[in-house]
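The structure appears right after this line, and notes come after that.
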Amino acid sequence: EAKTFEAQPVPSTCGSGLSAICTRANSKRRLLQDFINSDPEQSGTVHREAMDRIFESAGVHMPEVLDAFTDASNMFRYEDFLDWIFVPEGNPQMAVETKGAQTSSGYLAVLPDHGEVVSKTTEQIPAQILSGYHAALPDHGEAARDMSSTVVSECFQEAGKAHVVDLEKRLLTGHGQLPEPVLMRTDPEDRSLGHELRGVSVHHLSTDFVKKVEDAGLSYDSTVYEIEPKVIRPSGQDMRCPRDGQLGTAYVDSIRGEQHAGMSNIMLSYTWGYRICDIVESLVAYCRSENLEQERVYVWICCLCINQHRVRAVSSVRSQAVVKFEVFEKEFGERVCRVGHVMCLMAPWKNPFYLSRVWCVFELHVAITNKVRTTITMPPGEKDGLQKVLCDRADGIGEVWTNWGRVDVESAQASVQQDRENIMKLIKAGLGFAEFNASVVARLKSWLVDSCEDYLRQAVDGKASIADTAFLSVCLNLNRLLRWTGEYDRSAALLERACPRLGHIASEETATLIRQVGIIRRKLRNFTGAMESFEEAKRMSEHIGKMETPDGALLLMNMGILRAEMRDDEAAELFAEARDVADKIGKLDTNIGGLIYQWWGYFERHRGCHDQAGEYHARALQIFQKTGALERPLAKSMYQEMGELAQAKGNLEDSLEFYKKAHAVLIKFDLADSVEWRPLADCIAEVEQLLRDRTSFPAP
């Protein structure tokens with residue numbers, strides 16, 4: 001239906017900020033994105049309070065204009081307003097009727113969903129259309145400027161009338177020389193088409209995209225490197241890009257429909273060396289775990305959302321260097337913040353390839369620095385492999401920690417050395433390498449805990465079949481992880497949920513689980529409850545003849561730790577008994593023996609027997625060096641205990657060195673301070689002050 005637009009006066013006082021919005025395309029885009037983020041229903045309106053907040057952050061103050069676009073229910077029609085501000089500057093009397101749905105005909109003329117435009121003044125229309133086109137679609141400015149008056153006049157087959165769909169196609173194709181279909185930036189059925197944050201749905205990836213891969217003769221195991229030239233680029237090679245008007249479009253702009261593409265709510269951080277099966281299955285698993293519709297989860301993936309035809313055109317390293325790193329960093333940071341959720345795909349779990357690529361490290365750095373929601377995920381196959389390690393071995397978490405302890409972003413590489421240097425400078429000047437590594441480990445840990453808890457929940461609820469021994473192994477590994485990170489309440493809840501699974505059976509597994517309950521009770525300073533649990537575990541172990549076992553030795557040690565914290569001399573007898581059991585079963589030279597000696601030294605230090613404590617510490621350290629335990633979180637308590645002893649003996653320099661070693665482990669593995677010792681930061685500060693005092697006031 002044709003619409004008639006008549007010139008209406010614009011409010012005489014526009015206030016501050018309008019000129020900047022009208023003349024800078026990035027300001028318009030950012031403003032539009034802010035409104036869209038506040039309008040999840042895509043109604044074209046936001047509440048006046050949201051509008052005030054958005055304009056305040058943009059530095060815009062023009063109350064008369066904004067009031068004109070606010071209805072009786074206090075809803076601000078931002079789509080109408082944005083149409084209006086696209087009126088070319090210098091022609092402020094151009095067609096606007098703020099009380100109705102009619103908007104600037106200059107902008108309207110280049111929106112194909114508005115159909116036919118009618119105006120009383122035929123001479124104004126061509127200039128108005130092109131000016132509106134320049135203002136509304138700055139990416140197409142060059143194409144519009146090159147249009148001759150002949151092209152425009154051809155669209156006006158009758159005086160004063162033009163079918164703007166026809167005009168838009170001509171503007172995008174260049175004199176209409178390319179065959180249909182022609183992509184248009186604005187599509188009433190696909191509003192995100194051509195938007196820089198347009199992403200591919202998980203539904204599309206798991207269906208149409210996978211089929212295209214197979215139709216191209218490639219396997220589901222193919223990497224992105226293999227798929228890009230045979231699937232990604234060919235999909236849009238004969239289509240006109242809705243972003244720059246040139247031939248060849250990004251994959252995401254070659255597909256249609258809300259079930260296939262939309263505004264991204266996840267940015268995937270990954271490497272092109274990953275297999276497409278791992279990418280797709282990880283995203284599908286995420287949607288299922290979060291109960292999300294795959295048709296409504298849109299993912300910004302660089303290989304699909306960046307126009308690879310343009311990338312190929314600028315392929316040499318020398319050409320790429322034209323874009324300053326600072327400019328790229330700013331643009332990428334804005335994209336990360338606007339999407340609001342970065343998902344890092346890491347594989348394999350033992351040594352993620354992701355962390356060896358400097359650009360992946362950069363993406364993670366930007367997300368962490370900007371406090372953007374960051375999720376670490378792994379392909380289902382990797383998740384199964386990790387869970388198998390935790391099921392098969394009660395000390396499986398040790399292997400996990402060993403691998404995560406090798407996380408070192410400084411070793412990441414890039415094909416362009418200058419890129420690597422720039423990114424490393426950013427990290428060093430920001431969080432620093434140690435803290436950044438710790439942030440990565442913290443997110444890996446969070447993923448592991450969530451995965452294991454879900455696994456155990458399914459086992460408890462009968463949704464997964466798992467043997468008692470495997471169930472116990474996962475419980476022990478997860479419980480140890482939660483204890484190290486100070487999440488005692490969460491650990492207690494885990495054990496409370498797990499106990500009914502094994503509590504009715506008198507077995508070594510049940511005794512071990514009860515011992516874990518005692519440890520958590522001790523950590524929570526419930527000494528009476530802890531003693532009850534330990535005694536119950538001991539009675540059960542003696543009943544089934546399992547005291548002379550590794551778990552029996554650890555049970556005696558735990559009872560000794562409890563007595564040591566209660567400053568009860570009976571602790572020495574329990575540590576001696578634990579040592580004898582470990583020696584009898586050949587475990588004294590393992591971590592079990594090391595732990596017994598470490599805690600025995602802890603007890604002796606507290607009762608003032610420093611020489612005896614030093615002897616036990618030396619034995620523990622020797623064992624841990626042999627077993628490699630000092631590369632794991634266990635090193636934190638060992639070093640801190642040695643620092644406490646050195647300080648008690650007056651060796652401040654040695655004490656400070658041990659405290660700093662303990663602190664480095666705490667940071668590296670994202671651990672918490674242990675309840676058995678003082679906070680490490682306080683220990684370091686105290687010793688540093690004592691050293692300063694000793695320098696300022698030397699002994700006579």
Side-chain angles (χ1 to χ4, degrees), residues 479-480 483-484 488 511-512 514-542 546-585 587-624 629 634-649 658 662 673-678 683:
N479 182 52
R480 190 174 297 119
R483 292 205 318 266
W484 280 336
Y488 303 134
T512 300
I514 295 172
R515 174 169 64 87
Q516 296 297 317
V517 173
I519 294 174
I520 290 300
R521 286 177 172 176
R522 178 180 65 78
K523 292 280 189 180
L524 292 171
R525 321 322 281 162
N526 178 6
F527 290 165
T528 301
M531 183 59 71
E532 291 174 355
S533 295
F534 291 147
E535 291 291 352
E536 181 182 356
K538 185 179 180 183
R539 285 194 299 272
M540 184 175 292
S541 297
E542 290 174 338
K546 293 293 183 179
M547 278 304 295
E548 292 186 353
T549 63
D551 283 321
L554 289 172
L555 173 58
L556 292 168
M557 180 195 74
N558 288 135
M559 296 176 75
I561 296 171
L562 177 60
R563 291 294 182 184
E565 287 209 89
M566 295 169 67
R567 306 297 184 259
D568 186 336
D569 287 345
E570 187 182 342
E573 299 176 14
L574 289 165
F575 285 130
E577 192 175 350
R579 177 200 57 194
D580 294 343
V581 170
D583 188 30
K584 185 174 182 178
I585 61 176
K587 295 292 182 180
L588 194 56
D589 290 332
T590 69
N591 286 340
I592 292 176
L595 286 168
I596 292 170
Y597 283 126
Q598 176 192 318
W599 285 103
W600 202 345
Y602 168 91
F603 169 67
E604 296 295 347
R605 173 177 65 82
H606 273 289
R607 66 174 181 174
C609 301
H610 293 165
D611 290 341
Q612 187 65 60
E615 180 183 337
Y616 290 147
H617 287 170
R619 293 183 187 179
L621 188 65
Q622 184 179 18
I623 292 172
F624 291 150
L634 186 152
K636 182 263 178 189
S637 59
M638 183 73 253
Y639 287 139
Q640 182 163 8
E641 174 57 27
M642 295 180 74
E644 293 278 11
L645 178 61
Q647 184 177 355
K649 296 170 70 174
F658 285 128
D673 280 305
S674 305
V675 296
E676 298 86 358
W677 291 274
R678 297 176 294 159
C683 294

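Keep in mind the model is a prediction, meaning the values are calculated, not measured.
Between V581 and M547, every side-chain heavy-atom pair lies at or beyond the 4.5 Å cut-off. When side chains are defined from C-beta on, M540 does not count as touching K546, because their heavy atoms never get closer than 4.5 Å. Residues M566 and L562 are in side-chain contact: their nearest non-hydrogen atoms beyond the backbone lie under 4.5 Å apart.
From D551, atom CG reaches atom CE of M557 across 11.0 Å, with rounding to the nearest 0.5 Å. One distance of note links OH of Y488 with CG of N526; it measures 14.5 Å at 0.5 Å rounding. The distance from the CZ atom of R579 to the CD1 atom of I592 is 15.5 Å, given to the nearest 0.5 Å. To the nearest 0.5 Å, atom NE2 of residue H610 and atom NE2 of residue H617 are 10.0 Å apart. With rounding to the nearest 0.5 Å, the separation of CZ in F624 from CG in L595 is 4.5 Å. Annotation: the span from I520 atom CD1 to R483 atom CZ amounts to 5.5 Å, rounded to 0.5 Å.
Nearest heavy atom pair, residue A578 against residue L556, reads CB-CB, 3.7 Å. When all heavy atoms of A572 and W600 are compared, the closest pair comes out as O-CZ2, 3.9 Å. Closest non-hydrogen pair, L588 versus Y597, comes out as CD2-OH, 3.9 Å. The minimum heavy-atom distance linking G518 with A530 is given by the pair O-CB, 3.4 Å. In plain terms, the two heavy atoms of A564 and F575 that are nearest each other are CB-CE1, 4.4 Å. For L574 against R563, the heavy-atom pair with the smallest separation is CD1-CG, 3.6 Å.
Under the 3.5 Å distance criterion, the side-chain polar atoms of E641 are left unmatched by any main-chain donor or acceptor of W677.
With F603 as the fixed residue, the side-chain contact (heavy atoms from CB on, under 4.5 Å) test singles out one of I561, D568, D569: D569.
With a 6.0 Å radius and a threshold of 12 heavy atoms from other residues, nucleotides or ligands, Q622 has its CD atom at or below the threshold. Enclosure of atom NZ in K587 is not indicated, since only 12 or fewer non-hydrogen atoms of other residues, nucleotides or ligands lie within 6.0 angstrom.
The side chain to side chain donor-acceptor pair (under 3.5 Å) contacts involving residues 531-540 comprise R521-S533, where partners must be two or more places apart or lie in separate chains.
The residues R678 and E644 are annotated as salt-bridged, a charged nitrogen and a carboxylate oxygen being separated by less than 4.0 angstrom.
Remark: the S674 side chain and the Q640 side chain contain no N/O donor-acceptor pair separated by less than 3.5 Å. In the model, Y602 has no side-chain atom that pairs as donor or acceptor with a side-chain atom of Q598 under 3.5 Å.
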Subject >> Test log, rule side chain to side chain contact (heavy atoms under 4.5 Å, CB included), inputs R525 and E565 >> reply: CA-CA 10 Å; R525 321 322 281 162; E565 287 209 89; 2.5 Å; yes
